[in-house]
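In what follows, a structure is listed as structure tokens, so that the remarks can point back to it.
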Amino acid sequence: QAELRYTLNTQLEQLHMRYTGTGHPDTTKYEWLTHQHRDTAAAIVGHPPLMAYVALADGECQARARFEVMERMVQPCGKPPGKTDE
Amino acid sequence: MHLLNLTLQPATAVSGATVGSFSGAKGQEILVVRGGTRLEMLKLNTSSGQLDTLCTTEAFGVVRNVQGFRLAGMTKDYILISSDSGKLSIIEFVVQPTPHFESLYQETYGKTGSRRIVPGQFLAVDPKGRSCLLGSMERTKLVYVLNRNAEGKLFPSSPLEAHKAHTLVTHIIAVDQGYDNPLYAALEMDYSDSDEDPTGEAYEKVEKYLTFYELDLGLNHVVRKWSEPTDRRANMLLQVPGGQNANTDKFDGPSGVLVCCEDHIIWKHMDADAHRIPIPRRRNPLAQRGESSRGNIIVAAVMHKIRGAFFFLLQSEDGDLFKVTIEHENEDVRAVRIKYFDTVPVSTSLCILKSGYLFAASEFSDQNLYQFQKLGEDDDEQVWSSTDYPENGNERGALPYAFFTPRPLENLLLVDTLTSLDPICDAKVVNLLGASSDTPQIYAACGKGGRSTFRTLKHGLDVSPLVASPLPGVPTAVWTLKLKEDDEFDAYIVLSFPNGTLVLSIGESIEEVSDTGFLSSSPTLAVQQLGDDGLLQVHPYGLRHIRAADRVDEWSCPPGTTIVSATTNRRQVVIALSTAEIVYFELDPEGSLAEFQDKKSLPGNATAISIAEVPEGRRRTPYLAVGCDNQTVHIISLEPDNTLETLSLQALTAPPSAICLAEIFDISIDKNRPTMFLNIGLINGVLLRTVVDPVDGSLSDTRQRFLGAKPPKIVRTTVHGSPSVMAFSSRSWLLYTYQDMLQTQPLIYDMLEYACTLNAAMCPEGLIGISGNTLRIFTIPKLGEKLKQDLTPLSCTPRKFVSYPYANIFYLIESEHRTYGSAAVKRIIQEKEANGDRVDRKMLDLPANEFGRVRAGAGKWASLIRVLDPVLNESIMTLELDEDEAAFSVTIAYFERMGGEPTLVVSTAVQTTLIPRACKEGWLRVYAIRDGGRTLEFMHKTKTDDIPMCVAGFQGYLLAGIGKSLRLYEMGKKALLRKCENTSFPTCVSTINVTGARIIVGDMQESTFYCVYRSIPSRQLLIFADDSQPRWLTCVTDVDYETVACGDKFGNIFINRINSHVSEKVDDDPTGAGILHERGFLMGAAHKSDLIAHYNVGSIVTSITKIALVAGGKDVLVYTTISGAVGALVPFASMDDVEVMTTLEMHMRAANVSLVGRDHLAYRGYYAPVMGVVDGDLCEGFSSLPYSQQQSIAGDLERNVGEVLKKLEQMRTSSAF
């Protein structure tokens, strides 16, 4: 049993290392949301029609719209909440 | 429901382009990615100065990046593609036998899809072609070494990782170091600190790093070699030439990179002092005091090496091109300079051809090709140099602004334009031409900003008319003639009238001549230049062979008979007599016509006969085709050993009116030689096209097509130098070879009775035809274009349009964000002048279609309502809206107060911002329509508290979707009066469709809601059914009373239907009490709509229309996309067809035709599994498979290859084009 738990853990760690954004029991709402937003931003940039749609609606050129979406990935959901003592 | 998806017009938007010598031949080609999924190879045709499409292929996957590369010692460039297939594809462009792309290698590296940590967003190739780097937006970077194996085949090594976690990447390029180890540069941002810091301080301090990764070829290892912070707002990197020239030991350049940032460009390299220059900007004539405008970024760039030197062209987001040069001494940079070059539309990609052309792949609308007139070297444009600033511009803080004045093109000359529909913002498919057209046209509002256009698309080839001159009577036929076989140009035009023949000579002018030897007193059946220098006229009573030196050989019909039909080529003449006999003549060695001793009798009178041209290097064409009035067609041999023997026979459904044998190339039938096609026009207007077997003359593979209401005439012609066939019915049709496939397309021109090729000095590749009593000379400028476009320029981004029900008038709304409307411009100028400030009016007068408009911040809008005549392509009237007021939706409503007359309602919002979606106030503007639809008269406007995204007329009322609520308004005297509302929509009401008493409301994120309106006991809008899936809707169309077809933001198109008994129950409930008190299901309405079809189109669908596209065809769903594509979903007529096409699709999927290696089923089911839709584009790929593969697939379908191809063609032509 103990051995299994040990291997399971390392596998999980490896998974988290490999797949950014994979959740775990302690994922906070903020972390989850941030990952969601970053994934969305990456999907917008990665699909040319979606990028064109965003640019068209906003009256920007595509390169500018792409740049702003990419920049927003650094902190898409504002400041992280402070650590609580719980 | 089973549907077939057909692309009518492929996407035109360019998402990437690269230039290279992909064919290995002289000259360069441009590879463009259209609509993110389609690869197209363009080549400059040096004789015409136009860009020709060599080949185009659907990749069935999202192509994210393309790069050309060449390993040392190779003679041509290969193509590297990163796509959403999670594979790195190496593709070769092969010219022989027909241009096509060939997938050489597909290396899997990750998951499918365009995801955050799956590489593919960036693709950088070492300039020497030794390795490439694939990067994702976050963390992952993979470096491949490109090798050749023993057979010389390319293959990538296993990847080397250069990952860095918690790092966002803005751009990656390869650094040119010559033959030193490959080096890559990346712009990176680490977010790990800012994710942990609740104070936000770390976020403020996040820096962007310029990081160099070196691939050590010796150790086969990637190291992070150097990393240094750079400007936080850097968005792009550019390769600077470097490395030593092997012959001269001179350095090609200083190496390093140009870092493009907001307002600045920095040259940087490891361990070297940077140089920084400003990006010059336009003066904003409307800038008010204290207003700071946003910086300018570089959106596209290209580096070009020319005779040992190099320069860059950089394009800013206004479209201005800047030339950047670097002065260097070996590896040391002395100065970086920048100057204004020219202004071209904002591009996604710039390509310079070595022959001195610039291809600017505009991000929206038409793409342009420019020729360099000069390189901006000796003009008086201001130059900004890094040496002008302290520390080469590297001091802290921003550099002072550098201003320039944009001007019309000076260094570039526009030489060609590739028309492009993207983005189609809204479209309607309707026949506005009434009786003069039997098919509907597509009306599309396209483009963005100042380059917006309203386009009318008609199916057919564009014709450019040259001459239209009246004739003394109504001729029945026209021919052109050369005098001698080796003449370059035609000398005579022969016109046959019912009672005579007219000969015109072509010289400086076209004049009648009488001394030609032709019989002018009787009509003519055929004329021909015969042998070396003979001329032949066939008239109803005989043949006249006019030979040189006034010698005329005559052959007369046996007494009592006449010639009813004749056909000729250079060496053979065949005539059909009224006694149902055929007489055959052939040119003998002396050059006179020799009659074959026997006559051939036919089972019925011949209505039409035809022989093909003499094939090159042969003495005669082997077959004669005869159509008889007993509804048969005979193929008769003309070979010496079995002359006039019937070889094969085909029964027809109606008597033939015309026949034409022609040899045309079609790769799907014969890959090496032209195929002999027998074209038969039936008196009921149907064209049959049959393949004649070259060996035994048997007929096979008959295709049929309805041409028009008149019995067609068919002639052989030459178009763009290759043989083609024209058919004349109530429309004129052209059958020709384009990209090695036979195409059948109507001409968009007046009805023609007859036409033939005209080869004259004034018009080398023209056609001459007759229409009524006029002679027409015309050309067909561009083959291969399925849809002819007529356009009307617009001033802002079009949003939506509606048609006036009683006349050909459209009301179009245009609104553009981040710019000033004319009201705002006027106000600001007034204010500035009142303050005594100078206003640079020259900047404001620059045409917006070339230079764009003056930029403004978020919340500033320019918007107008336009009254447009789509048939005449003119705009009748425009109505500007108030300052910062933007129109979002438009509809026609029929109010009781207006006497049931159509009234225009436009919903607008003031100072709208998109993030967050908000506005200061919304308005519903009501306009009375006067003057037969041509004038709009403002009546009143009603304030709303949120953005009214959509409006629709409903039973004498107006429905408006305002934020989360759906409201019903009645027309009042001074405003609209709110009668009731339903506020239970989850996100934002974005579409409203009314079908009878039913209202279908589309929510921005939560799919459709079926609603009804009940006025007893009180007014209510009740939702009775909704969808169980979230859908981010873009457009909704009702297919029938229970069914809707919708498009969403991710490129899906799907069809939802509610149960018919739910539908009946709701209609039978007059008070709505039943609906109101029904128990909700799954936290929503009591009933759910069922998904019955789903398909990923690959681009965002912006409009869907249900209409029949061909005369007498069934209704199809025509959709348009933001990438400029037009497609159709065609319902299947029978389950047999469904079975055949589904099986064929399955086999085609197995054949794996995707160039990028994307699994087709996964691609079409990108977000939800594909359901009930067969991909016709994939199935049509069957025609380009190798024959053996075709045979095995056809075998599984229990058909032969020809039958499968016929089925495919029939599926398309029976309901679309």
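In the text below, chain A, chain B and the rest are named by the order of the sequence lines, each starting its count at 1. Predicted model only: the values in this text are computed from it and were never measured.
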Between atom NZ of B:Lys111 and atom OH of A:Tyr19, what is the distance when rounded to the nearest 0.5 Å?
6.0 Å

Interface moiety of B:Thr170 toward chain A, non-hydrogen atoms closer than 4.5 Å
both

Proximal component of B:Gln121, with respect to chain A [non-hydrogen, under 4.5 Å]
side chain

Please rank B:Val346, B:Asn235, B:Val62, B:Ile297 by heavy-atom pairs under 4.5 Å with chain A and give me the top one.
B:Ile297

Name the region of B:Ile1122, side chain, backbone, both or neither, that has any atom closer than 4.5 Å to a heavy atom of chain A.
side chain

Between B:Ser194 and chain A, which part of the residue has a heavy atom less than 4.5 Å away: side chain, backbone, both or neither?
both

Can a donor-acceptor pair be found, under 3.5 Å and without considering hydrogens, that links the side chain of B:Arg139 to the backbone of A:Arg18?
yes

Look at the rings of B:Tyr1166 and A:His47 and say which category their plane angle falls in: under 30° parallel, 30 to 60° tilted, over 60° perpendicular.
perpendicular

Measure the CG-CG distance between B:Asp422 and A:Leu56 for me, rounded to the nearest 0.5 Å.
10.0 Å

Given heavy-atom pairs under 4.5 angstrom as the criterion, report whether the side chain, backbone, both or neither of B:Leu914 touches chain A.
side chain

Can you tell me which portion of B:Cys425 sits under 4.5 Å from chain A's heavy atoms? Options are side chain, backbone, both or neither.
side chain

Tell me which one of B:Arg233, B:His171, B:Met236 satisfies side chain to side chain contact (heavy atoms under 4.5 Å, CB included) with A:Phe67.
B:Arg233

Report which part of B:Val33 has an atom under 4.5 Å of a heavy atom belonging to chain A: side chain, backbone, both, or neither.
neither

What part of B:Thr1121 lies closer than 4.5 angstrom to a heavy atom of chain A: side chain, backbone, both or neither?
neither

Heaviest contributor of heavy-atom pairs below 4.5 Å to chain A, chosen from B:Glu262, B:Glu816, B:Glu317, is B:Glu317

Would you mind checking which part of B:Ala234 comes under 4.5 Å of any heavy atom in chain A, side chain (CB onward), backbone (N, CA, C, O), both or neither?
backbone

Quick one: of A:Gly59, A:Pro49, A:Ala55, who has the most non-hydrogen atom pairs under 4.5 Å with chain B?
A:Pro49

Of the listed B:Thr37, B:Thr140, B:Thr199, B:Val63, the one with the largest count of heavy-atom pairs under 4.5 Å with chain A is B:Thr199

Gap separating the CE atom of B:Met137 from the CD1 atom of A:Ile44, nearest 0.5 angstrom
10.0 Å

Interface check, chain B: of A:Ala57, A:Pro48, A:Cys61, most non-hydrogen pairs under 4.5 Å belong to A:Cys61

Test: salt bridge (Lys or Arg N to Asp or Glu O under 4.0 Å). Region: residues 36-60 of chain A. Which pairs qualify, not counting sequence neighbours?
A:Arg38-B:Asp195, A:Asp39-B:Arg116, A:Asp58-B:Arg818, A:Glu60-B:Arg294, A:Glu60-B:Arg818, A:Glu60-B:Arg855

Would you say A:Gln36 has more than 12 foreign heavy atoms packed within less than 6.0 Å of its CD?
yes

If a pair satisfies side-chain hydrogen bond (donor to acceptor under 3.5 Å, both in side chains) and one of its residues is in residues 69-81 of chain A, list it, with sequence neighbours excluded.
A:Glu71-B:Lys208

Where does A:Tyr53 contact chain B at under 4.5 Å (heavy atoms): side chain, backbone, both or neither?
both

Does any heavy atom of chain A fall under 4.5 Å from the side chain of B:Arg799, the backbone, both, or neither of them?
side chain

Counting only non-hydrogen atoms closer than 4.5 Å, does B:Thr797 touch chain A with its backbone (N, CA, C, O), its side chain (CB onward), both, or neither?
side chain

Check each atom of B:Phe888 against the heavy atoms of chain A and say whether the ones under 4.5 Å are side chain, backbone, both or neither.
neither

Answer with side chain, backbone, both or neither: which region of B:Glu138 has an atom nearer than 4.5 Å to a non-hydrogen atom of chain A?
side chain

Against chain B, work out which of A:Glu31, A:Glu68, A:Met51 has the most heavy-atom pairs shorter than 4.5 Å and name it.
A:Glu68

Kindly compute the distance separating CG (B:Leu168) from CE (A:Met70), expressed to the nearest 0.5 Å.
9.0 Å

Considering only heavy atoms, which portion of B:Asp197 lies under 4.5 Å from any heavy atom of chain A: side chain, backbone, both, or neither?
backbone

